[in-house]
Asker: 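First the structure, then my questions, so here it is.
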Amino acid sequence: MMFNLYVQQNQWIVLALMAGIGLMLIFWLTYLAMWRPREDESIMANMIKITGINSFFRWVVSFFPWVLIVLVFISIMYTLAHTIAAIIVVPNW
């Protein structure tokens, strides 16, 4: 009786927990389905051999969109510039 009353008073907590568990389950299953290799990809994976930095970049560009490559490069450059600026200009506490 007391547990039933507690659940009814705080049913939004139970609903939030159940929704969170459901969303995590959906995310986990989607993630597994997205990254599972298909049959032709597993055959191609055996053919691709990365021997150096050039073949690695060629392999990354073959499946990674160029917009994301540019975004990652810009983020790295901004991080380096911000770090160098923070080193040069010491904060005046």
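Residues: numbered from 1 along the sequence shown.
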Asker: Are Phe63 and Phe56 co-members of a hydrophobic cluster defined by side-chain heavy atoms under 4.5 Å apart?
Answerer: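 Linked within one cluster.
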
Asker: Let me check something: do Met77 and Ile84 share a hydrophobic cluster, defined by ILVMFWY side-chain heavy atoms less than 4.5 Å apart, either directly or through other members?
Answerer: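 Met77 and Ile84: separate clusters.
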
Asker: If hydrophobic clusters are built by linking Ile, Leu, Val, Met, Phe, Trp and Tyr wherever their side-chain heavy atoms come under 4.5 Å apart, do Phe57 and Leu68 end up in the same one?
Answerer: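 Yes, one cluster joins them.
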
Asker: Kindly compute the distance separating CG (Leu29) from CE (Met24), expressed to the nearest 0.5 Å.
Answerer: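 If we round to the nearest 0.5 Å, Leu29:CG and Met24:CE are 10.5 Å apart.
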
Asker: Quick check: is Phe73 connected to Val70 through a chain of hydrophobic side chains (ILVMFWY, heavy atoms under 4.5 Å apart)?
Answerer: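 Unlinked, Val70 and Phe73 end up in two clusters.
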
Asker: Roughly how far apart are Ile74 CD1 and Thr79 OG1, rounded to 0.5 Å?
Answerer: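 Nearest 0.5 Å value for the CD1-OG1 distance: 11.5 Å.
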
Asker: Applying the 4.5 Å side-chain criterion to the ILVMFWY set and letting contacts propagate, would Ile53 and Val60 be lumped into a single cluster?
Answerer: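 In one cluster with Ile53: Val60, yes.
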
Asker: Side chain to side chain contact (heavy atoms under 4.5 Å, CB included) with Ile87: which residues, sequence neighbours excluded?
Answerer: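 With neighbours one apart ignored, the set is Thr83.
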
